[in-house]
**Student:** 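Sharing a structure below in structure tokens format, with a few things to ask.
Please read all numbers here as calculations on a predicted model, not as lab measurements. Each chain gets a letter, A, B and so on, in the order its sequence line appears, and its residues count up from 1.
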Amino acid sequence: MNTPERLPRKFYARSTLVVARELLGQRLVRIEDGRRYSGIISETEAYIGMDDLGCHARSGRTPRNESMWGPAGYLYVYFTYGMHWMLNFVTEAESFPAAVLMRAIIPQEGLAEMRIRRKNKPDRVLTNGPAKLCQALNINGKLDGADSLNNQSPVFIEKMPAIEDQYVHTSPRIGLNTVPEPWKNKPWRFVYSPD
DNA sequence: AGCACGATTAACT
DNA sequence: GTTAATCGTGCTC
């Protein structure tokens, strides 16, 4: 069986909405101590530029959101709610701040270790949230600003067959409680529902 | 220096 | 359905 290729940088250097849609069905991989932990991406959200008032880039370039201005395919990992990490892949042209948030994956490899990291919660809630998948894959701020296309990268995405539109739906982004319209209800969340 | 709140989660009623 | 946990960040004074 062939080793899947990683998505090329050109994949990420496009419209964030297209990248967020097409990342559904692709395989998120975390390598740690030579072991693989992975899952199929099943939920994403797009955050697009300084004009998007739901995006961290809205308040300009700061140490926290610096990675969003970097090259496509780099990681933007940030800390929130005093306890949670979130994983994003940077998109579009360098110096344009945009990224796709990983909101859920369907676990594939490394389930046993994921269960331990997730406190033996039921499998159905192992990686069905942005902070949950970071916990299961042990993703934290040390990975912020890393290039997922570097050969040594411990986090990257492997190419898998595209998902048909029939299995995809969109909705407003989650958790933007105090974000004004029209940004609050932009249908920039993408969900892959198999079956 | 102080403060309000967050791209959430888990544990409640 | 509601709410506590928990603290870095950005904004105001």
**Student:** In whole angstrom, what separates A/Trp85's CH2 from B/dG6's P?
**Tutor:** 19 Å

**Student:** Restricting to non-hydrogen atoms, name the atom on A/Arg173 and the atom on A/Gly54 that form the minimum distance, rounded to 0.1 Å.
**Tutor:** NH2-CA, 4.3 Å

**Student:** Would you indicate which nucleotide in C/dG10, B/dA10, B/dA7 comes nearest to any side-chain atom of A/Leu101?
**Tutor:** B/dA7

**Student:** Any idea which of B/dA7, B/dT8, B/dA11 is nearest the A/Ala131 side chain?
**Tutor:** B/dT8

**Student:** Should we count NZ of A/Lys159 as having more than 12 external heavy atoms under 6.0 Å?
**Tutor:** no

**Student:** Can you figure out which of B/dA10, C/dG10, B/dT9 approaches the side chain of A/Pro130 most closely?
**Tutor:** B/dT9

**Student:** Does a nitrogen or oxygen in the side chain of A/His84 sit under 4.0 Å from OP1 or OP2 of B/dG6?
**Tutor:** no

**Student:** Whole Å only: how far is the CE atom of A/Met86 from the P atom of B/dG6?
**Tutor:** 13 Å

**Student:** Less than 5.5 Å between centroids and less than 30° between ring planes, does A/Tyr47 satisfy that with B/dA7?
**Tutor:** yes

**Student:** Atom CG of A/Leu53 and atom P of B/dG6: how far apart are they, to the nearest Å?
**Tutor:** 13 Å

**Student:** Taking the side chain of A/Met83 as its heavy atoms from C-beta onward, which of C/dG10, B/dA7, C/dA5 lies nearest to it?
**Tutor:** C/dA5

**Student:** What is the distance, to the nearest angstrom, from the CG atom on A/Leu176 to the P atom on B/dT8?
**Tutor:** 8 Å

**Student:** Would you mind reading off the distance between A/Asn177 atom CG and B/dT9 atom C1', rounded to a whole angstrom?
**Tutor:** 14 Å

**Student:** Go through B/dA11, B/dA7, B/dT8 for me and flag the one nearest to the A/Met68 side chain.
**Tutor:** B/dA7

**Student:** I need the CZ-P distance between A/Phe79 and C/dG10, as an integer number of Å.
**Tutor:** 14 Å

**Student:** Can a side chain N or O of A/Lys121 be found less than 4.0 Å away from OP1 or OP2 on B/dT9?
**Tutor:** no

**Student:** Quick check: A/Tyr76 with A/Tyr74 (ring centres under 6.0 Å apart)?
**Tutor:** no

**Student:** If you count every heavy atom of other residues, nucleotides or ligands that lies below 6.0 Å from A/Glu181 atom CD, does the total exceed 12?
**Tutor:** yes

**Student:** Is the distance between the ring centroids of A/His84 and A/Phe79 under 6.0 Å?
**Tutor:** no

**Student:** If I pick the P atom on B/dG2 and the same atom on C/dT6, what distance separates them, to the nearest angstrom?
**Tutor:** 22 Å

**Student:** Can you tell me the Watson-Crick or wobble partner of B/dA7, both distances under 3.5 angstrom?
**Tutor:** none

**Student:** For B/dT8 and A/Arg103 - does any side-chain N or O of the residue sit under 4.0 Å from the phosphate oxygens OP1/OP2?
**Tutor:** yes

**Student:** If I take atom CD in residue A/Gln135 and atom C1' in nucleotide C/dT6, what distance separates them, rounded to the nearest angstrom?
**Tutor:** 14 Å

**Student:** Does the side chain of A/Thr80 get closer than 4.0 angstrom to OP1 or OP2 of C/dT9 through an N or O atom?
**Tutor:** no

**Student:** When you measure from the side-chain N and O atoms of A/Arg118 to the phosphate of B/dA10, is any distance below 4.0 Å, counting only OP1 and OP2?
**Tutor:** yes

**Student:** Quick one: A/Glu66 CD to C/dT9 C1', roughly how many Å, whole number?
**Tutor:** 15 Å

**Student:** Please determine if A/Asp144 and A/Arg64 form a salt bridge, counting it only when a charged side-chain N lies under 4.0 Å from a carboxylate O.
**Tutor:** no

**Student:** When you measure from the side chain of A/Tyr78, which nucleotide among B/dA11, B/dA7, B/dT8 comes out closest?
**Tutor:** B/dA7

